[in-house]
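Each remark here refers to the structure printed beneath this line.
Throughout, protein chains are lettered first and strands after them, A, B, ... in sequence-line order, and every chain is numbered starting at 1.
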Number of protein chains: 2
Amino acid sequence: MKNPSRTQFACLSALRVSPLSGYKIAETCNAWFSDFWSESYGQIYPTLKKLLLSEDIEKLPPEKGQRGDVYKITPKGLETLEAWLRLPAVPASFRDEYFLKFFGGSVVPVSVHLEHLARKRLQLDALLASAQTALKTLEIVPHPDKDYWTLMARHGEISYRAELAWLDEAEKLLKTKQNQATNQ
Amino acid sequence: MKNPSRTQFACLSALRVSPLSGYKIAETCNAWFSDFWSESYGQIYPTLKKLLLSEDIEKLPPEKGQRGDVYKITPKGLETLEAWLRLPAVPASFRDEYFLKFFGGSVVPVSVHLEHLARKRLQLDALLASAQTALKTLEIVPHPDKDYWTLMARHGEISYRAELAWLDEAEKLLKTKQNQATNQ
DNA sequence: GCCGTCATGTAAAGCGTTACATGATTAA
DNA sequence: TTAATCATGTAACGCTTTACATGACGGC
């Protein structure tokens, strides 16, 4: 395979913690993993079918009051996940539109960039807040992997703070630039 | 359009600074923009054809000793770029395999995670070094957009430093974890 | 003459989002 | 009963990478 889809590993990662429906897997990815991963329904359901065929997951017998299908990871699935976890991570190739726009520099007025920065700040504030909420929540969660998950949340906290520090610097410089332009 | 390709804007952004061949555009994207953007040849050449048709770029008359085709942005192309620059940036959706693996926690031994961290450190060291080289280079570059480009490099420096700080924290905690396991 | 770089291009394959369709259950 | 949520699924579309093919030019 050239670009093996990693959706299967995202699914297995979520199911490793507890059995879930396809819907809940998507929810988990887009909440727990939101800082570094996303999945769409159009990707998850076909993947679950494949994982069923390969016996990496199994469908649990429906319990009363249960909606939809609930999947559980199998011992084989855990092995599949483990094997992948051992492989070196393929470095993420960012494509952050934001900086491409920044590179445009004087093609647009400084004010346009300042607006972009302001939007970015709102997003970062929200992301930082959710990382901090996650840290608080994790304090009272008993789980063998608590340390890993806490470190993940810490990563969010640290990098969002760094981004915000950069934002301060960028805004300051651009505002100076704007004033110079006005005073000329 | 649903997912309008941003390759065209990457091309226009590069050509805005100076006329380039398709090959050089790819080089520029994967060097200058490497922190936040990537393009492949299979994407660039078809895009250049489209941009020619829409008259956003034009082919320069071949000069002696020139290899291949060299493209230049047109006034219309500059307008196209400007219009896009004014639009709010679509937030980047990361898919960083690295953290998905980290989430796997105790599925693999601590040593596996420490190896992942060590690899990540090497990558970050290299990225930080290149950001710092860029900053030095920019010091002596006279260009109206120098400030923007410097801020971009500063973003790299700041965020890579933050990542490295997190790495220190993560390594420390995981090593403690490893020792505890050994001493039991 | 040969290799490395510069250069252009296409085809295949697969990834992934979006939009759409559908329906059950539950809470207001 | 009406809306929101939970739930499953598919089809279209286009993006993107990868691999491959080809060839010119320059330096050794």
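- Between Y23(B) and dC6(C) there is a side-chain polar atom (N or O) within less than 4.0 angstrom of OP1 or OP2.
- In this structure, OH of Y41(A) is placed 20 Å from C1' of dA12(D), rounded to the nearest angstrom.
- Set against dT5(C), dA7(D), dG16(C), the side chain of K24(A) has dA7(D) as its closest nucleotide.
- Closest to the side chain of Y45(A), out of dT16(D), dC15(C), dG9(D), is dG9(D).
- The CZ atom of F33(B) lies 9.5 Å from the CD atom of E39(B); values are rounded to the nearest 0.5 Å.
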Which side-chain N or O atoms in residues 99-114 of chain A pair as donor and acceptor under 3.5 Å with protein atoms at least two apart or in another chain?
from	atom 1	to	atom 2	distance (Å)
K101(A)	NZ	W84(B)	O	2.5
K101(A)	NZ	L87(B)	O	3.0
S106(A)	OG	D145(B)	OD1	2.7
S106(A)	OG	D145(B)	OD2	3.4
H113(A)	NE2	G105(A)	O	2.9

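- Heavy-atom neighbours of K24(A) NZ from other residues, nucleotides or ligands within 6.0 Å: at or below the threshold of 12.
- Rounding to whole angstrom units, CD of residue E27(A) and P of dT5(D) are separated by 11 Å.
- Between dG23(D) and R67(B), no contact under 4.0 Å exists linking OP1 or OP2 to a side-chain N or O.
- Taking atom CZ of R95(B) as the reference point, atom C1' of dT17(C) lies 10 Å away to the nearest angstrom.
- One interatomic measurement links the two molecules: CD of Q43(A) to C1' of dA12(D), which rounds to 14 Å at whole-angstrom precision.
- Counting any heavy atom pair closer than 4.0 Å across all strands shown, G42(A) reaches a base atom.
- Across the protein-nucleic acid pair, Q8(B) atom CD and dG14(D) atom C1' stand 13 Å apart, rounded to whole Å.
- A sub-4.0 Å separation between OP1 or OP2 of dT10(D) and a side-chain N or O of K49(A) is present.
- Put simply, CG on L48(B) is 8 Å from P on dT8(C), counting in whole angstrom units.
- Nearest-nucleotide mapping onto DNA chain C: of S21(B) and P46(B), the residue sitting toward the 5' end is S21(B).
- Within the 3.5 Å criterion, the main-chain N or O of D56(A) finds a donor-acceptor partner in the side chain of T74(A).
- Backbone-only engagement by S38(A) is indicated by non-hydrogen atom pairs under 4.0 Å involving sugar-phosphate atoms exclusively.
- The CG-P distance, from D69(B) to dG9(C), rounds to 6 Å in whole Å.
- Side-chain nitrogen and oxygen atoms of S5(A) include none within less than 4.0 Å of the OP1 or OP2 phosphate oxygen of dG14(C).
- If you measure from atom CD of E39(B) to atom P of dC15(D), you get 12 Å, rounded to the nearest angstrom.
- Within 4.0 Å (heavy atoms only), S40(B) reaches at least one base atom of the nucleic acid.
- Within the structure, every side-chain polar atom (N or O) of T7(A) is placed at least 4.0 Å from both OP1 and OP2 of dC15(C).
- Side-chain contact between T7(A) and R95(B): present, with at least one pair of heavy atoms (C-beta onward) separated by less than 4.5 Å.
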